[in-house]
Amino acid sequence: MNFLQEIIEQRLRERDELLSLAIDLKDGATLAWCYEHGRVVSRHDDDSKAHIRVSMDPANAARLKAYTD
């Protein structure tokens with residue numbers, strides 16, 4: 001990655017939202033989507049849910065409001 005790309009990436013991350021989510025462990029598609037479209041900061045699983053903290057841009061964050069922990 002060149003210098004300009006790094007600066008652009010950094011500026012975009014500054015606008016990211018940090019979400020705390022509880023996603024059913026059976027919902028692998030949503031979990032994979034979080035990893036693909038965001039930056040998972042932490043994850044803890046219990047018997048039925050993955051409790052994750054993920055940073056992502058506001059447009060993608062809006063899609064996950066139903067999973068807010």
Report task. Can you measure from CZ (Arg53) to OG (Ser20) and round to the nearest 0.5 angstrom? Result -> 4.5 Å

Requested in this report: Look at the side-chain heavy atoms of Ile, Leu, Val, Met, Phe, Trp and Tyr, link any pair under 4.5 Å apart, and say whether Trp33 and Tyr35 land in one connected group.
Outcome: yes

Report task. Check the side chains of His51 and Asp46 for a donor-acceptor pair under 3.5 angstrom, ignoring hydrogens and angles. Result -> yes

Query raised in the report: In Å and rounded to the nearest 0.5 Å, what is the CG to OH distance from Leu19 to Tyr67?
Result: 13.0 Å

Report task. First locate atom CD1 of Ile23, then atom CD1 of Ile52, and finally report the distance between them rounded to the nearest 0.5 Å. Result -> 4.0 Å

Requested in this report: Please examine the side chains of Leu25 and Asp45, heavy atoms only from C-beta on, and report whether any two atoms are closer than 4.5 Å.
Outcome: yes

Query - NE2 on His37 to CG on Leu64, rounded to 0.5 Å - result: 10.0 Å

Requested in this report: Kindly give the heavy-atom pair with the smallest separation between Ala50 and Leu31, and that separation in Å.
Outcome: CB-CD2, 3.7 Å

Query raised in the report: Step by step, would you call Val41 with Leu18 a side-chain contact (heavy atoms from CB on, under 4.5 Å)?
Result: CA-CA 9 Å; Val41 177; Leu18 183 61; 4.0 Å; yes

Query raised in the report: Once you round to the nearest 0.5 Å, how far does CG of Leu21 lie from NZ of Lys49?
Result: 11.0 Å

Query - Minimum heavy-atom distance between Asp16 and Ser55, given as atom pair plus value - result: CB-OG, 3.3 Å

Query raised in the report: How many angstroms lie between atom CE of Met56 and atom CZ of Arg63, to the nearest 0.5 angstrom?
Result: 9.5 Å

